[in-house]
Amino acid sequence: MEQLIAKAAWDLTNSLHAIALTGAGISTESGISDFRGPKGIWTLNPEAERRAYRSYEKFVEDPKGWWEEMLTQPRASFLDSLEAAMPNPGHYALAELEQLGILKCVITQNIDALHEKAGTKKLLEYHGSVAKLRCISCGLRFRRDEFDLANLIQENQLPPHCPECRGIIKSDTVSFGEPIPSDVARQSLEEARKCDLMLICGTSAVIYPFANLPRRAKQKGTVTIIEVNADPTPLTEEGISDYLIQGKTGEVLPRIVEEVKRTKK
Ligand code: NAD
Ligand code: ZN
């Protein structure tokens with residue numbers, strides 16, 4: 001492990017355009033469960049999974065009803081755990097790598113806004129963020145509190161409309177069946193093409209199209225792909241990653257940062 005951490009620090013320090021990809025695993029140490037693990041939300045509540053799959057279809061058919069349901073149904077405990085969560089040392093380590101000028105971009109599948117809270121600036125939230133809403137026509141994003149949702153439901157004025165183009169507003173989080181917003185999809189692909197180092201943290205990389213990003217980067221041939229994960233993943237098994245540092249992101253990433261700082265002096 002020590003040797004791999006030193007190797008990762010050396011690779012990062014000598015990269016020209018390093019980016020990180022993250023998934024649910026980087027946030028488990030902040031108390032947010034994953035979906036499909038042994039204690040995952042959907043493992044424990046299959047009905048919630050069925051509802052999630054129907055959600056986008058429902059939004060397209062009846063945005064008013066979708067919003068009313070969102071605002072009146074008892075909130076899933078998952079959403080509560082997201083709002084209460086705080087970043088952990090893994091998130092802060094990536095923010096520090098950016099401050100050191102090494103990491104150029106973080107692309108996350110997580111919707112928990114924890115990279116933003118930890119201070120990462122160049123962030124692409126591939127599946128959106130619970131902290132934001134998005135216009136489905138022009139793609140503009142808004143902070144949730146820019147809309148008085150409680151008042152809109154009382155006044156029977158749901159769904160919210162975009163102040164710029166009058167389009168319908170949806171939560172920014174990408175539902176099953178919903179296309180990835182074109183701006184993040186395009187920029188993520190550009191980053192995957194441009195990078196010479198990809199640090200993949202806490203994702204099993206099985207959900208597409210996100211899972212294409214490491215595969216696209218690998219096709220170039222001139223990229224170093226490092227995984228930090230509790231377990232081997234399909235990327236490890238298919239030889240997409242060059243090496244795996246097996247452990248918790250909250251422990252391994254800060255050690256990599258320490259090593260980068262020690263050798264940079
Ligand atoms: P996943 O559950 O498929 O994979 C998580 C990976 O992280 C696993 O390989 C697991 O072994 C590993 N892991 C767990 N804890 C770890 C730790 N402390 N350190 C290192 N590795 C750890 O997650 P995914 O690939 O991100 O796919 C899940 C999907 O569900 C994504 O689309 C994501 O948007 C969504 N999701 C998001 C959140 C969140 O926002 N925090 C939480 C659950 C699910
Ligand atoms: Zn708009």
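All residue numbers in this chain count up from 1 along the given sequence. All ligand and atom numbering here is 1-based and tracks the order in the structure.
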### Task
Report yes or no: does a heavy atom of Val206 sit under 4.0 Å from some atom of ligand 1?
no
### Query
Contact between Ser33 and ligand 1, counting heavy atoms under 4.0 Å?
yes
Should one rank [options] by closest heavy-atom distance to [atom], which comes out on top?
atom	options	value
atom 19 (N) of ligand 1	Thr249, Val130, Thr236	Thr249
atom 9 (O) of ligand 1	Leu82, Asp112, Asn229, Ile111	Asn229
atom 5 (C) of ligand 1	Gly202, Pro234, Gly23	Gly202
atom 25 (O) of ligand 1	Thr203, Val252, Leu235, Thr108	Thr203
atom 3 (O) of ligand 1	Gly250, Ala24, Ser204	Ser204
atom 33 (C) of ligand 1	Glu29, Gln246, Gln109, Lys248	Gln109

Between [X] and [Y]: side-chain donor-acceptor atoms closer than 3.5 Å:
X	Y	answer
Ser30	Asn88	yes
Glu191	His17	yes
His91	Ser27	yes

### Query
Are Ile32 and Ile111 connected in the hydrophobic side-chain network, where two residues link if heavy atoms are under 4.5 Å apart?
yes
Proximal ligand 1 atoms for [X], defined as those under 4.0 Å from one of its heavy atoms:
X	answer
Ile207	27 (O), 28 (C), 29 (C), 32 (O)
Ile32	41 (N)
Gly247	19 (N), 20 (C)
Ser27	41 (N)

N-O pairing of [X] and [Y] below 4.0 Å:
X	Y	result
Asp172	Lys132	no
Lys261	Glu258	yes
Glu259	Arg255	no
Glu98	Lys104	no

### Query
Looking only at N/O atoms, are Thr233 and ligand 1 under 3.5 Å apart anywhere?
no
### Query
Can you check whether Val228 has an N/O within less than 3.5 Å of an N/O in ligand 1?
no
### Query
Vertex the Zn ion (ligand 2): angle to SG of Cys135 and SG of Cys138, to 10°?
110°
### Opening angle at the Zn ion (ligand 2) [SG, Cys162; SG, Cys165; to 10 degrees]
110°
### Query
Considering only heavy atoms from C-beta outward, does the side chain of Lys117 approach that of Leu114 to under 4.5 Å?
yes
### Nearest atoms (heavy-atom pairs only) where Leu197 meets Val223
N-CG2, 3.9 Å
#### Entry: Side chain, backbone, both or neither: the part of Asn110 lying under 4.0 Å from ligand 1 by heavy atom
both
#### Entry: Ring centre gap for Tyr56 and Phe176 strictly below 6.0 Å
no
